[in-house]
Visitor: 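Attaching a single structure in structure tokens format; questions to follow.
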2 protein chains.
Amino acid sequence: MPVTIKDVARAAGVSVSTVSRALAGPELVSPATRERVQRAAAELGYQPNRAARGLITGRTGNIGLIVPDLANPFFPGVVKGMQARAREADFAVFVADTDEDPAVEVALVRQLAKQVDGMVIASPRMSEDELRAAATETPLVLLNRRVGRIPSVTVDNVDGMRQAVAHLVALGHRRIGYVEGPRTSWANRERLRGLRAAISATADGGADVELTVLGSFLPQFEGGVAAADLAVAAGVTAVIAYNDLVALGLLNRFVARGIDVPGQISVIGCDDIVAAAMVHPPLTSIALPKEQTGRAGVDLLLALLKNSGRSAVSTRRELPAHLMVRRSTGPAPTAPAPTDLP
Amino acid sequence: MPVTIKDVARAAGVSVSTVSRALAGPELVSPATRERVQRAAAELGYQPNRAARGLITGRTGNIGLIVPDLANPFFPGVVKGMQARAREADFAVFVADTDEDPAVEVALVRQLAKQVDGMVIASPRMSEDELRAAATETPLVLLNRRVGRIPSVTVDNVDGMRQAVAHLVALGHRRIGYVEGPRTSWANRERLRGLRAAISATADGGADVELTVLGSFLPQFEGGVAAADLAVAAGVTAVIAYNDLVALGLLNRFVARGIDVPGQISVIGCDDIVAAAMVHPPLTSIALPKEQTGRAGVDLLLALLKNSGRSAVSTRRELPAHLMVRRSTGPAPTAPAPTDLP
DNA sequence: GGCTAGTCTGAAATCGTTTGCACAACATGT
DNA sequence: ACATGTTGTGCAAACGATTTCAGACTAGCC
């Protein structure tokens, strides 16, 4: 029932090899036959059988994406970007979710590797060695993380933090808290580094800005809820959270305790997930270009596949972050720090 | 480099046919050789080449999932469920996002159909005829929608609404609003139907409960923001929204206008997305079993594939909904309706 | 012991495509 | 005219599995 290359060959009055060539490399056949073949193929609605092609070329036409948790609103954006770009290049995308479990992650990479030409993996959890090992087995692009010479797409966390700090300092904040995510997270370390750099880059060399690091906490809503009280106890006037989920947890707990945001304490998140704009007050957040991250990941992977293993020309992409200022940040309170509140 | 069936055959001292049989149907070979072959396969780490298998069997081992918008937090849950169930059955899942565009949807179904053995589609937008047509071309399971005899997984929206109405009525509410989603959405019609049924099922036959239908609105945050003022103007004491995104929009606008929730007006959403529990006040919502929906979708599809087209035994699954009561609903205000407020 | 039935196994065909090789046709340079 | 390239095309061999068919062997029965 399905139309094969033979049908096209018969219809065009040529051999199957000619059909194959006419459709693959336009240079390999005469213009006349190419035309004839292409018309025949179009008329019959011919679609090459991917299994057959894959069998001989050794390629699947698929790429894999591994994310720790699809329910984290950061990732759907990335998936969308990947989809779009992959479709343009006639690739299909397998998405796999590891439920934040590094063991599952490793197993999944193994399993998926057989079914795809390469994979993009957003994995804060896997160890560097495991990643390096995986990278030797299959073309690999890392998202939001750098390990050795493995191609990666990252966001300029340091600059994002610079913007956040500049914003807070301009508002008069001098006692800033940072709620850490998982210590093993590359992004977490990077953000902390950026934070410190940003502070020492302020007007007075950062002398009068005090940074309190809290954590680490789970990168989820509950983590933020748990961290909120510590932030209050620490007497900071502004908190920057590892990500938006944590920031929402903070916000939630502050409201529950009757602490005014941003009147008494300002909150900044990271990722700019959709929910950030939906809460009250709307959350100021460091926006990461999610879709672009996905697209760039595919781009790098495609380049990698083209060079079939040798390191691509541009093996790293760093994307800009930018601060979305909303209502959860405001002037620092002049009154005593919220320590002595209910 | 990769280990093929030949390698296993050589290692086990048998022919490739025997290896194939030993691994596929344990009954087809003698226990002794089966044992030998299986050990050899395990030792070599043999993984059958899916392209080769697909070429001869005509199956890909993949299934497709089409969703309107991955950024809608309802879907990641569904994806997770599908993933999990599909992996158990040794299938891989292609996920495609249509950006809420019915045209893209149709094109995508066509394209994807060639690459998968069947697909699960959550499509409020495609027309019934298009869906019927698609169903003849490839095994298909519908999510949250029923069309003719196409297998489907739905949630008991009617019962969900019954619970919501019972909850509100018990709290003393008599003037209830419903914010409609897209009129073309099957789920929207179903929910409205359930709502009406639930009201006429109340103690007094629904005589003193008044339902105001508002809309329709986009099934997104902005839709809720837009609907909020209408709800206030209509003088209802409780609003049920088409989904949680809309409900969050309502909540947001109410807070912005200084209207107390649930003091002056109660809000109920639908879907129970993660963000529902993260806002203030936490949103009462009709929870749909997202992961289970995904799993059930795969189950039905697998059954469909086994019967290779003929209608499966159980061609429909209806899953229960249940109301998650949180803080956005409370006793109806005894004071005059909020109409005459700022 | 010979015939039949049953159980296991292997050889070979097959799926639809790509690609190395050979060959034909024709143009080019001498 | 002949060797030499160049260009376009077809034949046939892969790729790695499944599956049909037939053969080998064992066992059972008269």
Side-chain angles (χ1 to χ4, degrees), chain A residues 1-38 40-41 44-62 90 92 113-117 305-306 308, chain B residues 1-41 44-62 90-92 113-117 305-306 308:
Chain A
M1 196 69 205
V3 32
T4 77
I5 201 174
K6 270 188 190 162
D7 302 320
V8 178
R10 198 173 317 121
V14 296
S15 74
V16 294
S17 358
T18 303
V19 174
S20 177
R21 281 187 278 250
L23 299 173
E27 271 65 58
L28 303 169
V29 300
S30 78
T33 51
R34 182 196 324 155
E35 165 74 12
R36 205 144 34 96
V37 170
Q38 286 179 339
L44 296 173
Y46 168 69
Q47 296 269 95
N49 178 319
R50 301 180 78 111
R53 171 180 293 174
L55 186 53
I56 187 125
T57 62
R59 305 188 132 200
T60 61
N62 303 330
D90 200 30
K114 304 291 164 202
Q115 307 182 40
V116 300
D117 297 335
L305 292 179
K306 204 164 278 173
S308 70
Chain B
M1 198 66 205
V3 31
T4 78
I5 200 173
K6 270 189 190 161
D7 301 321
V8 179
R10 199 174 314 121
V14 295
S15 74
V16 293
S17 355
T18 302
V19 174
S20 178
R21 280 187 280 251
L23 298 174
E27 272 64 58
L28 302 169
V29 300
S30 77
T33 50
R34 183 195 325 155
E35 164 74 11
R36 203 143 37 94
V37 169
Q38 286 180 339
R39 174 159 34 234
L44 296 173
Y46 168 69
Q47 295 271 97
N49 178 320
R50 300 179 80 109
R53 171 181 293 173
L55 186 52
I56 187 128
T57 62
R59 307 187 128 201
T60 61
N62 302 330
D90 200 30
F91 273 78
K114 304 289 164 204
Q115 307 182 40
V116 300
D117 297 336
L305 292 179
K306 204 164 277 172
S308 71

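Order of the sequence lines fixes the chain letters, A, B, ..., with proteins taken first and strands second; residue numbering starts at 1 for each chain. Quantities reported herein were computed from a predicted structural model and do not represent experimental measurements.
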Visitor: Can you give me the N/O atom pairs linking the protein to nucleotides 22-24 of chain D at distances under 3.5 Å, or say none if there are none?
Guide:
none

Visitor: Quick one about A/Ser17 and A/Ser20 (side-chain donor to acceptor, distance below 3.5 Å, no hydrogens or angles considered), yes or no?
Guide: no

Visitor: Using a 4.5 Å cut-off on heavy atoms from C-beta on, say whether the side chain of B/Gln115 contacts that of A/Arg50.
Guide: yes

Visitor: Nearest whole Å is fine: how far is D/dT18 C1' from B/Arg50 CZ?
Guide: 15 Å

Visitor: Grab the two heavy atoms, one from B/Asp117 and one from B/Phe91, that are nearest each other, plus how far apart they are.
Guide: OD2-CE2, 3.5 Å

Visitor: Using five base pairs at each end, measure the axis-to-axis angle across the helix from C/dG1-D/dC30 to C/dT30-D/dA1 and round it to 10 degrees.
Guide: 50°

Visitor: For B/Asp7 and D/dG16, what is the distance between atoms CG and P respectively, to the nearest whole Å?
Guide: 9 Å

Visitor: Measure the CZ-OG1 distance between A/Arg34 and A/Thr18 for me, rounded to the nearest 0.5 Å.
Guide: 13.0 Å

Visitor: Return the value, rounded to whole Å, for the distance between atom CG of A/Leu55 and atom C1' of D/dT18.
Guide: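 Taking atom C1' of D/dT18 as the reference, CG of A/Leu55 is at 12 Å.
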
Visitor: Check side-chain contact (heavy atoms from CB on, under 4.5 Å) between A/Asn49 and all other residues, then give those that pass, not counting sequence neighbours.
Guide: A/Ala51, A/Ala52, B/Leu55

Visitor: Mark up nucleotides 7-14 of chain D, 5' to 3', with B wherever a protein heavy atom is under 4.0 angstrom from a base atom, S wherever such an atom reaches only the sugar-phosphate, and - elsewhere.
Guide: -SBBBB-B

Visitor: Mind checking which nucleotides bracket the chain A contacts on DNA chain C, 5' to 3', with an atom under 4.0 Å from a heavy atom?
Guide: C/dG16 to C/dG20

Visitor: Just to confirm, is there a sub-4.0 Å distance from OP1 or OP2 of D/dA17 to any side-chain nitrogen or oxygen of B/Tyr46?
Guide: yes

Visitor: I'd like a table of donor-acceptor pairs (distance under 3.5 Å, sequence neighbours excluded) in which one partner is a side-chain atom from residues 2-14 of chain B, with atom names and distances.
Guide:
residue: B/Thr4; atom: OG1; partner: B/Lys6; partner atom: N; Å: 3.1
residue: B/Asp7; atom: OD2; partner: B/Thr4; partner atom: N; Å: 2.8

